[in-house]
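Structure first, commentary second.
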There are 2 protein chains.
Amino acid sequence: MPLAPVQETCAGCPIRHRAVCAHCEPQELERLERIKSYADIAAGAPIFFAGEPMRHVASVVSGAAILSRTLEDGRRQINGLMLPSDFIGRPWRETIPFDVTAASPVRLCRFERIAFEKILGDTPHVSERLLSMTLDDLDAARDWAVVLGRMAARERISAFLLILARRLGRTDRHDPSRVTFSLPLTREAIADLLGLTLETASRQMSALRRDGVIETEGRSTVIVPDLARLQEEAQDDDDGTGLT
Amino acid sequence: MPLAPVQETCAGCPIRHRAVCAHCEPQELERLERIKSYADIAAGAPIFFAGEPMRHVASVVSGAAILSRTLEDGRRQINGLMLPSDFIGRPWRETIPFDVTAASPVRLCRFERIAFEKILGDTPHVSERLLSMTLDDLDAARDWAVVLGRMAARERISAFLLILARRLGRTDRHDPSRVTFSLPLTREAIADLLGLTLETASRQMSALRRDGVIETEGRSTVIVPDLARLQEEAQDDDDGTGLT
DNA sequence: CGCCCCATTGAGAGTAATCAACACCAGTGG
DNA sequence: CCACTGGTGTTGATTACTCTCAATGGGGCG
């Protein structure tokens, strides 16, 4: 296991105000701080295996992790894309039903599971925050069914790019509708997330580039020149200003 | 709104030990009992509309409700099938992002949302139970991605029938692998749940009947003569004895 | 008893999967 | 410095599964 502990404090943490610890009072934060440890995982490395004992729960600090299941005949579906501030793990349960893998280099803020469960029991700011995040994740997971069940290949790619643009994108200082971000997944992983083959995923990316919906630089950099255009392609009526 | 209040106590409630109230102490249950009310909804009637203020949260006592989203061009996806003991609603939020509809006649045990949030705040047995149920729902919603993203039409129908067999099925007293249940959804709803057209859903049901995987009586009764056979069709390696 | 909704079945069209070849880039070693 | 190599991505040709359009059948309710 390529786990390299790192010294760091919560004060300068990039996800301090969005993660499970967001609403903590100073003394609650201190309790979490005492049981936390950082772990850096290399791209492609496993984090947890489905069904195996899971000693930690964790927040993603940076990078991207994926949850996936593989059928006996090799078909794989990525069930979740965990980006910075997302919470991985399952209090009150020994195992997760998904393989968890680093899609790009990942830094985790880990909590020993049993200790974390104790904190949940008597710090409402943590348990309420976790419930709220879990309900949001549930809504997001159910929303994803629309993508997988009802959208065409081009729409699926667009919906995926739109999510990344919103969560990872940096806005151009001169043109607020122009957004740039880096793809944390390979074409194969994108396909497995979207329920497509990698060839179809690649073809639709090319088509979006030909049609001017996106621009690309190198393997992983994507530029969205007009976010509203991408929203239309993704059948997304939401303006993205709602929610927390 | 076809809401008909009904007199009833928690003592004889069919979902008493599985719903959000499962782990309550007598006095906690009494607090819930004071704010609860029953509602009977006719098949096909709306329960909540996406985005509209939601005054109640509720447990499904009997029947089946569906969560759904409809795209502007009319494509519909059912995002969740809520069966007895499932919890509908979203503490700490004014609205749900899905339409909620009764698929068959539904009885709900409702709690006024604001009052329920207060109870969450100071009865750990309820909030822990709700967190646990929400985490289970999240796992289930993510599992569903495998069905929508990677399974063929015949496998999707099989996976759906298997879920119903496990949750609603009555086992034959002479043959424990023989299970009977009643379909709470029309072909169109099944198709919208599985990301298929109703014609494809119907054809695959017919094919499973021809191949002896299922038998049917009337429109809605399904008999699974051999549950193991259905599991194979659904690519399900789980024996269903785990969990809770 | 008749109507309407729901379900079934058929024929043809279209989108994505499959099979296959090639291009690109990064890292490695001669 | 450049050829080599393997992983990753792109593009093309063909196949196959599901969708679409269409007609018919059957069960339940007024």
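Residue numbers start from 1 in every chain, and the chains themselves are labelled A, B, ... in the order their sequence lines are given, proteins ahead of strands. These numbers were taken from a predicted model, which means no experiment stands behind them.
- With salt bridges taken as basic N to acidic carboxylate O contacts below 4.0 Å, none links A:E199 and A:R203.
- For the helix from C:dC1-D:dG30 to C:dG30-D:dC1, the rotation axes defined at the first and last 5 base pairs enclose an angle of 30°, given to the nearest 10°.
- Under the side-chain hydrogen bond (donor to acceptor under 3.5 Å, both in side chains) criterion, B:D192 pairs with A:R150, B:R76, not counting sequence neighbours.
- DNA chain D is contacted by B:A152, B:A153 of residues 144-163 of chain B, taking any non-hydrogen atom closer than 4.0 Å.
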Identify the pairs formed between an N or O of the protein and an N or O of nucleotides 22-30 of chain D at a distance under 3.5 Å, and give each distance.
residue, atom, partner, partner atom, Å
D:dG26, N2, B:R219, NH2, 3.1

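- Under the 4.0 Å criterion applied to side-chain N and carboxylate O atoms, A:D86 and A:R18 are not assigned as salt-bridge partners.
- Remark: A:T70 pairs with no residue by the side-chain hydrogen bond (donor to acceptor under 3.5 Å, both in side chains) rule, at least two apart or across chains.
- Applying the side-chain hydrogen bond (donor to acceptor under 3.5 Å, both in side chains) test to pairs two or more places apart or on separate chains, none has a residue in residues 41-60 of chain A.
- Near DNA chain C, defined here as any heavy-atom distance below 4.0 Å, the residues from residues 204-212 of chain B are B:S206, B:R209, listed numerically.
- Not counting sequence neighbours, B:D99 has no partner by the salt bridge (Lys or Arg N to Asp or Glu O under 4.0 Å) test.
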I'd like to know whether B:T95 forms a side chain to side chain contact (heavy atoms under 4.5 Å, CB included) with B:M54, so could you lay out the CA-CA distance, the side-chain angles of the two residues, the decisive distance to 0.1 Å, and finally the verdict. CA-CA 5 Å; B:T95 62; B:M54 188 182 55; 5.6 Å; no
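- Annotation: side-chain hydrogen bond (donor to acceptor under 3.5 Å, both in side chains) contacts of A:T200 (sequence neighbours excluded): A:T197.
- With a cutoff of under 4.0 Å to any heavy atom of chain B, the contacted region of DNA chain C is bounded 5' to 3' by C:dC6 to C:dA11.
- Interface residues of residues 184-195 of chain A facing DNA chain D, ordered by number: A:T186, A:R187; criterion, heavy-atom separation under 4.0 Å.
- Evaluation of the side-chain hydrogen bond (donor to acceptor under 3.5 Å, both in side chains) rule for B:R178 yields B:E215 as partners, not counting sequence neighbours.
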